[in-house]
Amino acid sequence: MSMLLSCSSPFSVVKISPSTNSIPKPSSLFFFRFSTPSLHHRTTTSHRLFPNSISIRACTQVGAAGSEPPIADGVSEFKDACWRFLRPHTIRGTALGSTALVARALIENPGLIKWSLLLKALSGLFALICGNGYIVGINQIYDISIDKVNKPYLPIAAGDLSVQSAWLLVAFFAAAGLLVVGLNFGPFIFSLYTLGLFLGTIYSVPPFRMKRFPVAAFLIIATVRGFLLNFGVYYATRAALGLAFEWSSPVVFITTFVTLFALVIAITKDLPDVEGDLKYQISTFATKLGVRNIAFLGSGILVVNYVVSILAAIYRPQAFRPWLLIPAHLIFALSLIFQAWVLEQANYTKEAISGFYRFIWNLFYAEYAIFPFI
């Protein structure tokens, strides 16, 4: 009697005869699936073709010994899709920015620090991540066709996350964020949070779809990621400490600096997406002015930002720590100029553009990393 083993992905057939020792090793069999309609059909067909054989549908995988069971593997894939759906680089920016602002408020008022505030701070961070997830999620839902060209690795475009699941996720993010902020941070912060969600919605959702208009698009991004995040977190932290809101020089600096930085992110984020934006008639500065011009414009704005920061440290040493602010921003500026030169030498290939955009985000993280100590 012979045995027929078939695998659908990839399809393989191994015939085993009693007279041979060509029995496959157990480690080459990943799992067997019995009692399915397709298996029954294949088994019936196999018996017609091979009366003295047994047909078993199995999945094989080279070196699959010790692999996760199918259910655990599916859960792992879903978690990975959800994480990509959140756009991790934006989550890191939100988490680092809010943490830096809270740290700065605490450094300015060390006598008011209480461990009881930790839970409130964590709930605020959770709400911010939910807001971030809602905004980037709603954008992916309405940009599936464009993302298939520009960002085919995103979970909806890649087919790793269904549109229905995406809607459930963004609904959860919006509801959870609003609930946490409403219960913990008062009506003013709740209104700021709601404004942020509203701006994120009209950025992506028809009939508004403000991302079609370059000026409106970068103003929305600069407002949400620049002003609302910095002002809102600092205001909420001082309120939690029992203090009235009051601007400090470092907070004015970071709010202004990051608002301009968010403007740069808004215009350079479209650099890797020119192909898809042109195809679907999405008007951006990159499609209108060209990749090279926008790369130089974004770099120029950031260099001016760094130069002004150095001058602020020189002329207002009583408000800042020049020994940190000056060398840090000098290094950031020189690194940016070097990366712009590398991009030019690479002739603005898509890979080089993506690397340049990632570097801009690294500079964004670096600014918040030093902020509590300036």
Side-chain angles (χ1 to χ4, degrees), residues 84-94 96-97 131-154 156-157 196 199-205 209-229 257-302 305 336 339-340 343 348-368:
R84 284 183 286 130
F85 184 68
L86 285 171
R87 305 304 306 278
H89 67 284
T90 65
I91 291 292
R92 284 191 289 269
T94 298
L96 185 57
N132 194 114
Y134 169 81
I135 291 172
V136 299
I138 205 79
N139 181 255
Q140 291 173 68
I141 290 172
Y142 284 96
D143 274 7
I144 299 174
S145 298
I146 301 174
D147 287 341
K148 285 182 179 179
V149 178
N150 291 337
K151 302 181 182 77
Y153 53 86
L154 291 180
I156 305 179
L199 292 175
T201 301
I202 65 172
Y203 177 84
S204 299
V205 177
R209 202 153 169 77
M210 304 305 290
K211 68 176 293 177
R212 296 175 297 165
F213 311 107
V215 174
F218 82 68
L219 286 177
I220 287 174
I221 293 174
T223 300
V224 173
R225 187 160 288 282
F227 178 76
L228 288 180
L229 175 67
F257 187 98
V258 172
T259 299
L260 288 173
F261 208 127
L263 185 152
V264 173
I265 289 175
I267 64 175
T268 57
K269 75 177 183 62
D270 299 313
L271 292 178
D273 300 340
V274 170
E275 181 184 356
D277 290 340
L278 285 172
K279 181 177 180 180
Y280 290 95
Q281 300 179 335
I282 298 296
S283 178
T284 67
F285 283 111
T287 59
K288 285 180 171 294
L289 303 178
V291 170
R292 186 176 187 271
N293 290 333
I294 292 303
F296 273 102
L297 176 62
S299 300
I301 294 172
L302 280 186
N305 226 6
L336 176 62
Q339 288 298 319
L343 181 61
Y348 299 91
T349 63
K350 187 166 184 175
E351 182 180 358
I353 293 169
S354 297
F356 178 74
Y357 181 61
R358 286 195 298 271
F359 181 76
I360 287 177
W361 270 98
N362 288 334
L363 289 177
F364 186 79
Y365 304 148
E367 193 64 37
Y368 272 125

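The residues of the chain are indexed from 1 along the displayed sequence.
- Counting only distance, with no hydrogens or angles, the side chain of Asn305 and the backbone of Phe257 share a donor-acceptor pair below 3.5 Å.
- Ion pairing between Asp143 and Lys151 fails under the 4.0 Å rule for side-chain N and carboxylate O.
- Under the 3.5 Å distance criterion, the side-chain polar atoms of Arg84 are matched with a main-chain donor or acceptor of Tyr153.
- The environment of Lys148 atom NZ is sparse: at most 12 non-hydrogen atoms of other residues, nucleotides or ligands sit within 6.0 angstrom.
- In terms of heavy-atom proximity, Ala216 sits nearest to Met210 at CB-CE, 3.7 Å.
- Heavy-atom minimum distance, Ala217 versus Tyr203: CB-CE1, 3.7 Å.
- For the atom pair Ile301 CD1 and Leu263 CG, the distance stands at 5.5 Å (nearest 0.5 Å).
- Between Val258 and Tyr368, some side-chain heavy-atom pair lies under the 4.5 Å cut-off.
- In this structure, CD1 on Ile220 lies 11.0 Å from NZ on Lys211, to the nearest 0.5 angstrom.
- Between the CD1 atom of Ile135 and the OG1 atom of Thr90 there is a distance of 9.5 Å, given to the nearest 0.5 Å.
- Across all non-hydrogen atoms, the minimal contact from Asp270 to Ala266 is OD2-O, 3.6 Å.
- Closest of all the heavy-atom pairs between Ile353 and Tyr348 is CD1-O, 3.4 Å.
- Judged purely by atom type and a 3.5 angstrom limit, Glu275 has no side-chain atom pairing as donor or acceptor with the backbone of Val149.
- Between the CD1 atom in Ile360 and the OG1 atom in Thr268 there is a gap of 4.0 Å [rounded to 0.5 Å].
- For the pair Leu154/Arg87, a side-chain contact is recorded, criterion being any heavy-atom separation below 4.5 Å from C-beta on.
- Taking 4.5 Å as the limit, every side-chain heavy atom of Asp273 sits out of range of all side-chain heavy atoms of Ile146.
- Side-chain atoms of Glu367 do not come within 3.5 Å of backbone N or O of Leu363 as any donor-acceptor pair.
- Counting heavy atoms from C-beta outward, Ile156 and Ile141 have side chains that approach closer than 4.5 Å.
- Checking Asp277 against Thr287 by side-chain atom types alone, no donor-acceptor pair falls below 3.5 Å.
- Note that the CZ atom of Arg225 and the CZ atom of Phe364 stand 5.5 Å from one another [nearest 0.5 Å].
- Side-chain N/O atoms of Asn362 and Arg92 include no donor and acceptor closer than 3.5 Å.
- Side-chain contact check for Trp361 and Tyr365: no donor-acceptor pair (N or O, by modelled atom type) lies under 3.5 Å.
- By the 4.5 Å heavy-atom criterion applied to side chains, Ile265 and Phe218 are not counted as neighbours.
- The salt bridge (charged side-chain N to carboxylate O under 4.0 Å, His left out) search around Lys269 returns none, not counting sequence neighbours.
- Atom OG1 of residue Thr201 and atom OH of residue Tyr142 lie 9.5 Å apart, to the nearest 0.5 angstrom.
- A pairwise comparison of heavy atoms in Thr259 and Ala222 identifies O-CB, 3.7 Å as the closest pair.
- The nearest pair of heavy atoms linking Ser299 to Phe356 is OG-CZ, 3.3 Å.
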